[in-house]
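Here is the structure we will look at, set down as C-alpha cells.
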Amino acid sequence: MTSFPNYGKLSGNTLEALRAGHRQDVEIDPNKRNPADFALWKKAGPNRALKWPSPWGEGFPGWHIECSAMSMEYLGDSFDLHAGGEDLMFPHHENEIAQSESVTHKPLARHWMHVRFLLVDGRKMSKSEGNFYTLRDLLLKGYKASAIRLALISVPYRHQLNFTFDGLTEATNAIERLRTFYRRLTTTAFAEGTNPAMQAAAEKAQAEYMEALANDLNTAEARAPIFDLLRASNTAIDQGQFFAGDRDAVLGVLDSFDVVFDVLEDRDASATERALAWAEKEGRMADVAPELLARQGLSDEAIDALVAERTRAKKMRNFARADQIRNELAEKGVVIEDSKDGVRWKRK
RNA sequence: GGCGCGGUACCCAAGUGGUAAGGGAGAGGUCUGCAAAACCUUUAUGCGCCGGUUCGAUCCCGGCCCGCGCCUCCA
C-alpha cells in the first residue's frame, strides 16, 4: 500500500484519511506490512475446492487480483469503461487500480461508472425491513415488465432512486401514453407531405434527446424532449396539420428513444406469463394479484369479437348493450378507444 | 469518527449565477351518444434551515439538520 502513492484517488479514502477515521473493530494482522494491505494470493485451506500451486504454497487469487488479471488478459492494460455498484468503489476498485497501475504504470480505466443503489420506500432494500422484492414478485403483483424497466431507468444511474409502488404506477401510465401515441402514429392514415414546423420539432427533439444521453446518460432529461414532441404531434394531428412525412420523422425519433428505453412495443405478456408459470409450478398462486388472474383469462380473439359486437350495437344505437360490453371488458383490464379511424383497444 | 452522494411543487424528477424541464396525480374546459384517447387552462416569488460572497443564488462558500452508501473477515 505504502508503495503506491496514488491510493485513494478514486474513492477519496487515502491512507491518511483511513488512518484518521479507522474503525474500532479492525484487527491487526501480523502478516501485513501495513494494515491497509490486502491479499493478492490467499492460502488454500484443506476444504478449498479451487486451488493452484504457487511458490508460496497451494492457494487461490484474492478477489481484487482476479479482476485485474481478467481485464489485463482480455481488455489490455488500459480500457475505456469500468462499471460497478457504488459499494465496490472502495475497496475493490481502489485495489484493482493499485495492483494494475503498479504493474503497468498506465491508467486502468479511462472512465468509471458507479451505479447508486436504490431505496425502497425511502429505505435500503433488505429482507429484514420487509421491503425486498424480486422482479418476479412485481410481475405477480400485476406490474408490467416495461413499467419496472422504465421506473428504474428514469432516474440517472448516478442518482439514488427511491423505488415505490406509486412510482411503478406512474411509469405504467407514462408507458400507456407513449404507446397510445405510437399506435396513433402507426395506425392513422396521414396525407402525403410534411409540416415544416413538425419537421423542425422532430429535429429539435432528436438533438435534445441525444444531448441528454451524451450528458452522462441523463435519462431523466432525455425523456423530456420525447414528451414534448409527443404533445406537439398530437396537437398537429388534432388540427390536421400532420402528414406522412412528419410521421416518418417522429417515428425516427421514437425509434432512437426506444433503443434505450424499450417500451413502445408491448412485449409484456411473455414476462408475466413466465412469472405465472413459475408461480404455478412452485405452488405460489396465492401470491398472484387477483386482478392479474382476471386479466389473463381473455384471449385477443375473444376481445376482438366483443369489440366487434359492441360496434354493431353502437351502429344500431343500442348504447345500453355497447356500454355493457365496454364495462365487461374494463373489468378485465381492457380499455376501448373510439376514434375517427376506428375502434382501438388495449390491455391496461 | 473518516470518505463520498443527496435534500426542488401533492408524488416522482431534470436543471442553471439572471429569475424553475418533463412525467404522474388533482381541478376546470374542448371533443364524444356517454366514455376513453387527445388537446387547452391550472397546481413552487419557490428549490432542507441559517449566514456569507455577488448588481443578482435554488445553483458558489461556510455552518447546521435530515436521508443514503462505503470504511479493507466474504465475493
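Lettering of chains follows the sequences in order, A, B, ..., and the numbering in each one begins at 1.
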Give me the distance, rounded to whole Å, that separates [N] from [M] when you measure between the [atom1] atoms they each carry.
N	M	atom1	value
B:G2	B:A13	C1'	31 Å
B:A25	B:G6	C1'	25 Å
B:G22	B:A14	P	15 Å
B:G15	B:A21	P	14 Å
B:C12	B:G33	C1'	38 Å

Worksheet item: Taking for each residue the nucleotide of RNA chain B bearing the nearest heavy atom, is the 5' side occupied by A:Ala322 or by A:Gln239?
Response: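 Here A:Ala322 is the residue nearer the 5' end.
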
Discussion item. Need to verify one output field. Residue with the more 5' nearest nucleotide on RNA chain B, A:Phe60 or A:Ala171?
Written reply: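 Its nucleotide being nearer the 5' end, the pick is A:Ala171.
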
Selected nucleotide, minimal atom distance to [X] side chain, candidates [options]:
X	options	answer
A:Asn218	B:A13, B:G24, B:G15	B:G15
A:Val335	B:C40, B:A36, B:G69	B:A36
A:Val155	B:A21, B:A14, B:G24	B:A14
A:Asp238	B:A38, B:A75, B:C68	B:A38
A:Gln160	B:G15, B:C70, B:G67	B:G67

Practice prompt. Compute both the distance and the angle, then confirm whether A:Arg136 meets the cation-pi test with A:Trp278: under 6.0 Å from the six-membered ring centre, within 45 degrees of the axis.
Written response: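 Pair A:Arg136/A:Trp278 counts as cation-pi.
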
Practice prompt. Determine the contact category for A:Asp323: base if any of its heavy atoms lies under 4.0 Å from a base atom, sugar-phosphate if only primed atoms, P, OP1 or OP2 are that close, otherwise nothing.
Written response: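 Base, at least one base atom sits under 4.0 Å.
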
Discussion item. So A:Arg231, base contact, sugar-phosphate only, or nothing? Heavy-atom distance under 4.0 Å.
Written reply: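 Since only primed, P, OP1 and OP2 atoms lie under 4.0 Å of A:Arg231, the category is sugar-phosphate.
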
Worksheet entry | Distance in angstrom units between A:His114 NE2 and B:G69 P, rounded |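 Nearest whole value for this atom pair: 17 Å.
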
Fill in: Derivation of the ring pair (Phe, Tyr, Trp, His ring centres under 6.0 Å) call for A:His93 and A:Phe90
CA-CA 6 Å; A:His93 295 158; A:Phe90 185 86; over 10 Å; no

Discussion item. Using a 5.5 Å cut-off between ring centres and planes within 30 degrees, is A:Phe319 stacked on the base of B:G33?
Written reply: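 So A:Phe319 counts as stacking on the base.
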
Practice prompt. Quickly, which of A:Thr235, A:Asn234, A:Leu229 forms a side chain to side chain contact (heavy atoms under 4.5 Å, CB included) with A:Arg231? Name it, please.
Written response: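 Looking at A:Thr235, A:Asn234, A:Leu229, the match for A:Arg231 under the side chain to side chain contact (heavy atoms under 4.5 Å, CB included) is A:Thr235.
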
